[in-house]
Amino acid sequence: MFRRVLVANRGEIAQRVIRACRELGVETVAVYSEADADALYLRQADETICIGPAASAASYLDIPAIISAAEIADVEAIHPGYGFLAENAHFAEVCESCKITFIGPDPATIAAVGHKARARDMAIAADVPVVPGSDGSVDDEAGAVRVAGEIGYPIMVKAAAGGGGRGMRVAHNEPSLINGFHAARAEAAAAFGDDTVYLERFVENPRHVEVQILGDRNGDVVHLGERDCSIQRRHQKLIEESPSPALTPELRTELGAAAVRMAKAANYHNAGTVEFLLDPEDRYYFIEVNARIQVEHSVTELVTGIDVIQEQLRLASGEALGYGQDAIQLRGHAIECRINAEDPDRDFQPSPGRLDSFVPPGGPGVRVDSHCYSGYRIPPNYDSMIGKLLVHRADRAGAIRTMLRALDEFVIEGPKTTIPLLRRILRHSDFRTGTHDTGFVERYFGAHPTIPGPPR
Amino acid sequence: MFRRVLVANRGEIAQRVIRACRELGVETVAVYSEADADALYLRQADETICIGPAASAASYLDIPAIISAAEIADVEAIHPGYGFLAENAHFAEVCESCKITFIGPDPATIAAVGHKARARDMAIAADVPVVPGSDGSVDDEAGAVRVAGEIGYPIMVKAAAGGGGRGMRVAHNEPSLINGFHAARAEAAAAFGDDTVYLERFVENPRHVEVQILGDRNGDVVHLGERDCSIQRRHQKLIEESPSPALTPELRTELGAAAVRMAKAANYHNAGTVEFLLDPEDRYYFIEVNARIQVEHSVTELVTGIDVIQEQLRLASGEALGYGQDAIQLRGHAIECRINAEDPDRDFQPSPGRLDSFVPPGGPGVRVDSHCYSGYRIPPNYDSMIGKLLVHRADRAGAIRTMLRALDEFVIEGPKTTIPLLRRILRHSDFRTGTHDTGFVERYFGAHPTIPGPPR
Amino acid sequence: MDLKLLQKILRMMSRGDVRELEIDDTEAGLRIHVRRGPGEGEGQPAQPVVQWMGGPPAMPMAGAPAAAPAVAPSAAADGDVAGDDGELPPGVEEFPSPMVGTFYTSPSPDADEFVRAGDEFGEDTVLCIIEAMKVMNEIKAESIGEIVEVLVNNSEPVEFGQPLFLVKKR
Amino acid sequence: MDLKLLQKILRMMSRGDVRELEIDDTEAGLRIHVRRGPGEGEGQPAQPVVQWMGGPPAMPMAGAPAAAPAVAPSAAADGDVAGDDGELPPGVEEFPSPMVGTFYTSPSPDADEFVRAGDEFGEDTVLCIIEAMKVMNEIKAESIGEIVEVLVNNSEPVEFGQPLFLVKKR
């Protein structure tokens, strides 16, 4: 195990890594920007080093500053947390060249899985289902009709240079495909100066289901079950849970095996996540690999009893996994709510500032991961997460009841938070029955909900 | 299930009961004294009723005030918590006569197990080992020698009217018994005006191990494993854990079965605890039954996954247990530290007052049960418990590491607390190896430790 | 649902002689609509309409009729039922309940009230009865003065310390 | 063990020219004993003795020699290394480090220091070098004034914002 580790992050995840290190007897060096000088978690580090001003580019994203801190503090390894430099292959390479262990997969793995097309090819080679699509671009109407015949409807026409929904058309049959094909090309040409388009099956009402994996440097990989992250708003996850209410035990085994195959194909070691879309017919499609620890790793910790951050440190230091898939048993049901300093009434604008009062809930089944406290001032420079509220109960219904109880107890005075929205989501019948999909939040609670939500 | 329950207590346990009720969808009526008017947990109750001034005798111990509150609030049941009226058979009877369900065993059971001699007879009849002793008083030297021959040494001479260590002598052999017999009689006569003495085996260096039981009104009883509460200071528990590091699986099964026999003999229903002494030769002796929920019930909740307070409510409402002993599986290791507002440097004098800062620890494996928050003023009128800090980890070593990490994080500014003492206990080699007994705290950390403790 | 909040609101309405009150606090997820007394031309009894979405009561009140006394949002809103002293005219003080129970203004349903507004009382004057555990406790004034207002209606529950009367002592 | 605390203490001792310091904080479970410079008649090097029982540093200091500047216990004790401004003489200010790295007073081990106490500097005067990732960064004054004191010893690590010099600007 490492003697001394630098934590190249801030807030909740910096605190989380420091906690894991303390429990393993590993010394910690916390770096911080001037905006975070008052943070309480810094007191738990063995050494703290100010690396720059509030702006991330000059502090938490400043590779020379961080490496320099690592060198003067004489650490053996760097934990990047999530966000900032966590999936920066160049940073991982610099660490390597400085003989500092980057706590995460190899730079080559980070680069490979970070490249959409390469990751897709890797998945296909590993027999992991991907969203069916044209083999490259589709240049004419006839070609589009032929490909659609192979893939099936509904199908999506997507601009190769696209983004933000432009140059994108969904077609449910041949006539709408022909129209959509020409419309998408024209829009793509106008918007991006490039009319190249390709076709992909349109996955309707999907769920977002991801599998946590752990691998060692010997190539042994296990999965820790899945997390269902279908409660999203504009691709920002709000609520995560494990196990997913949408998976049968058989499908869980199958999805887990696919994730392990994908990880092995990418020579993945350390902790990572393989993300899938799951459609209402239980077909699943690989989307991407997250080559880092994720915010929602904690729900997996609750149901498996495995401390994923401690495992990251252990595996990065070269230890073998030491257990097989059989040793992983899921127990009970865990839910995580992200408590953000955002104003749901103002389109989720960040609502930073002083926490005049902060009393987290507690008691049975409740876990709180937060770096905040009464009197703490949330800096406006970084993300708006106040903390993660987690519950772990024998079953999903019990977990929902405990979460509602805990949300009701949570006292946060000062900034506006997402708590009222979370409360409404947890009370919604679609969530209660577990039949929601990734469109749920926008459908019922968006700025222009397609179906009016319950009274607020 | 009940529609509406009155919580006849305050502080941590009042909050705990309110949490359980909320999760079960049961309305709560919280009573409070004027000293507790600001308590935050009152906000979580559906109704609150002030029942009297700060003095317990005129509020939390005032039966007419509480029953009256129950009547005006129209509740179906009363949860007494621990302390105050929790083991008051008369109160349970009054509830019964007012057609309010007392959440606990029957008044007759409370009275029976609360009577030392009757409880001992019950245990003997149920084939539950008790500390071997003379059958009633011993009136002469010859009788003492004969009884000691049957019971074995070391043996204790105890004044029947005794208390506080007076009229008490330990003898390791016949000559010291003869001396002790006469000395104890003389001392008893002088101190209590009654020279009646009896003999009992002296259990040296015992551990305090107690078994949590749950029973329904049909007479079905299960046990939820044991708690080891050997870390005590003047019979006040400081640290509790489950499972006990001193029990083999066989002994655990045996002890559990003995506790269930005892509960059945007492016609016990609802939650209760059967306390035992365990000697270094693995012999165990029944001490008493606690006919109430205990402070340390939470460690059992962590290892069993069973919400004991919710079970209390369910069982009191007349539901059947619904599961057998096989359904109870212990997982991992749980430790509880009681955080008291006491000054270890001033003989644990209560240290009430304002919490200028209160930042509880969190993160993986940590549970906090506390009614306190930054700015809360601990009233001087009641017990000094600030809260309970619990950890749950895969094994005991991991639990100790997490507890130390959590204690280090805990920020409490204002009152003095027991945290520094708890930290030193958790670092002590006897505790680490689990070889400590009930004399441990006084031996190493008492006012006159027999062995100097580690440097502070 | 926080009954204490409702209780406070109802008491304020009663004092302020407010007939109808609507509160819509989306923040706290709370909507309250209360009408007191018989509805004009409707003949139906007071029907509080309360919807509670949970969470600690935040209590910023909107839409309260001008006649209602202003209420300051307070963290201790639940705890302190005698917290409105500041509004009392000089010389007037509250007579708090010495116990929890049911408040009776008269010794029997048909009898006259023990005291009404304007009545003078002496030390031994019985002001009311509070029933606790089937026992009728006569509450004596234990001072000399005058009743300014009876704050609680007959047969309503009262808690310890709850103001029962406004009095002017001598 | 909180090295930042030790670092602050050592810096204060250096500024206050304190030779020896003992702290015994049973509350925080902390004992610190530091001697700076060669011991009189002992010839042994500075030997800090530190015992740390964990927990957030509370920092009530006992037994500090009178020469040491008083230290206010502060919740942000760890965070703010430039927080002693209040003690500076009028006109004197701190020159903070613009980066994390290793501080060098001279361009090479044998060369003279860039600046010493009493030296005047101009905008382009190089005050020191800070090495970060093997790169030697020359730190220029970018103002005109005089060095009052060099606060960091040669080849010591410095963090962003850490005071490197006391200067008097013109």
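Residue numbering restarts at 1 for every chain, and letters A, B, ... go by the order of the sequence lines.
Contact annotation for B/Val359: only side-chain heavy atoms (C-beta onward) come within less than 4.5 Å of a heavy atom of chain A. With a 4.5 Å cut-off on non-hydrogen atoms, B/Glu23 touches chain A through its backbone and its side chain both. For chain A, the nearby part of B/Arg16 is the side chain; its heavy atoms alone come within less than 4.5 Å. Only the side chain of B/Gln310 has a heavy atom closer than 4.5 Å to any heavy atom of chain A. Looking at B/Ser298, neither its backbone nor its side chain comes within 4.5 Å of chain A, counting heavy atoms on both sides. For B/Pro361, the part sitting under 4.5 Å from any heavy atom of chain A is the backbone (N, CA, C, O) and nothing else.
Partners of A/Arg354 according to the side chain to side chain donor-acceptor pair (under 3.5 Å) rule, which considers only residues two or more places apart in sequence or in another chain, are A/Asp356.
When B/Lys388, B/Arg401, B/Arg19 are compared by the number of non-hydrogen pairs under 4.5 Å with chain A, B/Arg19 comes out ahead. Interface check for chain B: of the options A/Thr402, A/Leu302, A/Leu390, A/Asp369, the most heavy-atom pairs under 4.5 Å are formed by A/Thr402. Annotation: maximal heavy-atom pairing with chain B below 4.5 Å, among A/Ser374, A/Gly362, A/Ala406, A/Pro364, occurs at A/Pro364. Note on B/Arg393, B/Glu12, B/Arg331: by heavy-atom pairs under 4.5 Å with chain A, the leading option is B/Arg331.
The cationic atom of A/Arg10 (NZ for Lys, CZ for Arg) does not lie both less than 6.0 Å from the six-membered ring centre of A/Tyr82 and within 45° of the ring axis.
Using a 4.0 Å cut-off between charged nitrogen and carboxylate oxygen, B/Arg367 and B/Glu336 do not count as a salt-bridge pair. Taking the charged nitrogens against the carboxylate oxygens, A/Glu296 and A/Arg338 do have a contact shorter than 4.0 Å, which makes a salt bridge. Salt-bridge check for A/Glu319 with A/Arg314: passed, with a basic side-chain N closer than 4.0 Å to an acidic carboxylate O.
Using a distance-only test at 3.5 Å, with no hydrogens or angles considered, a donor-acceptor pair links the side chain of A/Asp216 to the main chain of A/Leu321.
The environment of CZ in B/Arg377 is sparse: at most 12 heavy-atom neighbours from other residues, nucleotides or ligands sit within 6.0 Å.
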